[in-house]
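Written out below as structure tokens is the structure these notes cover.
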Amino acid sequence: MVRGRLNPSLAKGRCPEKGRKGAFDNVISELSSLANPEKVIIFHQFFQAFPGGYGEGDQFAGIKVPHLRHVAKQFYSTLSFDETEQLLRHPIHEYRLTALFILTYQYEKGSPSDKEKVVEIYLRNTAIINNWDLVDASAHKILGHYYFDKDRALFYQLAASKDLWEQRISIISTFCFIRQHQYEDSLNIAKILLVHPHDLIHKAVGWMLREVGNRDYDTEYQFLEEHYHNMPRTMLRYAIEKFSEPVRQQFLKGKI
């Protein structure tokens, strides 16, 4: 098989060697077959895995996201929670992302007790959900959904964490609430993270504010009117991206 391409048996919706190996081994085997060494350097730079970068020390296999999603769809129903957690703790970035896709499917398709188990796994492993793509692919679909009708204190605890990725989890999780036209937690957490030093938080907060505005322009505008002078430039630019050009310029020039 050509490396970096889907196994034909997966493309036809069948798990390779099913019954001859365990599900976990099948996942590892399939992901290994998809590795593309030519893309590793690109991924290494893109996710800043170099010394001093936010992803310092991470390892990559050079696998495209659509292939990871396809593998996850094939195996989520046969992989146990323990095996999924084992995959989530793998040193290779794309393997962890596949595990998060699997957890998302297991959460969506699972019973209430299954959903609780997925959340437990997620919260137990926030230290290795440690890049923006890992967070953005999973936080709102798992934590946001689970806590939608529960106490949301967890997200304020995560926002107050000193860990960059837990802070990003806190704001991205609220995307679930925004989609249901509930904005209070997103705005409150935005205030907590307003003067954060890292641009990955600036982008995340700005993105969530923009999503609020996509549904309720006045709510976002009023929030920005009060806080935009204290916002990092990147956060503001993300937040006002969908505003009309005259309004954008007023904000950017400090004339609101």
Side chains of [X] and [Y]: is there a donor and an acceptor less than 3.5 Å apart?
| X | Y | value |
| --- | --- | --- |
| Ser113 | Glu116 | no |
| Ser161 | Gln167 | no |
| Tyr183 | His181 | yes |
| Arg96 | Asn130 | yes |
| Asp114 | Ser111 | yes |
| Asn125 | Glu85 | yes |

**Pairs satisfying side-chain hydrogen bond (donor to acceptor under 3.5 Å, both in side chains), at least one member in residues 217-239, at least two apart** =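 Sorted pair list: Asp216-Thr219.
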**Minimum-distance pair of heavy atoms, taken over all atoms of Val40 and Ala61** = CG2-C, 3.7 Å
**Request:** For Ala72 and Thr98, work out which heavy atoms get closest and say how close.
**Result:**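 What the structure gives for the nearest pair is CB-O, 4.0 Å.
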**Message:** Considering only residues two or more places apart or on different chains, which pairs with a residue in residues 107-131 satisfy ring pair (Phe, Tyr, Trp, His ring centres under 6.0 Å)?
**Reply:** Tyr107-His145
**Listed partners of Arg248 passing salt bridge (charged side-chain N to carboxylate O under 4.0 Å, His left out), at least two apart** = Glu245
Distance, nearest 0.5 Å, that separates [atom1] of [X] from [atom2] of [Y]:
| X | Y | atom1 | atom2 | value |
| --- | --- | --- | --- | --- |
| Phe155 | Ile192 | CZ | CD1 | 12.5 Å |
| Gln48 | Trp132 | CD | CH2 | 11.0 Å |
| Ile92 | Asp58 | CD1 | CG | 9.5 Å |
| Gln157 | Arg152 | CD | CZ | 14.5 Å |

**Request:** Without swapping roles, check the side chain of Ser33 against the backbone of Glu30 for a donor-acceptor pair under 3.5 Å.
**Result:** yes
**Donor-acceptor under 3.5 Å (Asn131 side chain, Asp133 main chain)** =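 Checking the backbone N and O of Asp133 against the side chain of Asn131, no donor-acceptor pair under 3.5 Å is found.
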Taking atom [atom1] of [X] as the centre, report whether more than 12 heavy atoms of other residues, nucleotides or ligands fall under 6.0 Å from it.
| X | atom1 | result |
| --- | --- | --- |
| Ile41 | CD1 | no |
| Lys255 | NZ | no |
| Lys39 | NZ | no |

**Prompt:** Per the side-chain contact (heavy atoms from CB on, under 4.5 Å) rule, which among Leu158, Thr174, Ile172 passes with Ile189?
**Reply:** Thr174
**Prompt:** Do Lys73's NZ or CZ and the ring of Phe75 fall within the cation-pi criteria of under 6.0 Å and 45°?
**Reply:** no
**Message:** Please evaluate residues Glu83 and Val27 with respect to the criterion side-chain contact (heavy atoms from CB on, under 4.5 Å), reporting the C-alpha separation (whole Å), side-chain torsions for both, the decisive distance (0.1 Å), and the verdict.
**Reply:** CA-CA 10 Å; Glu83 288 171 325; Val27 173; over 6 Å; no
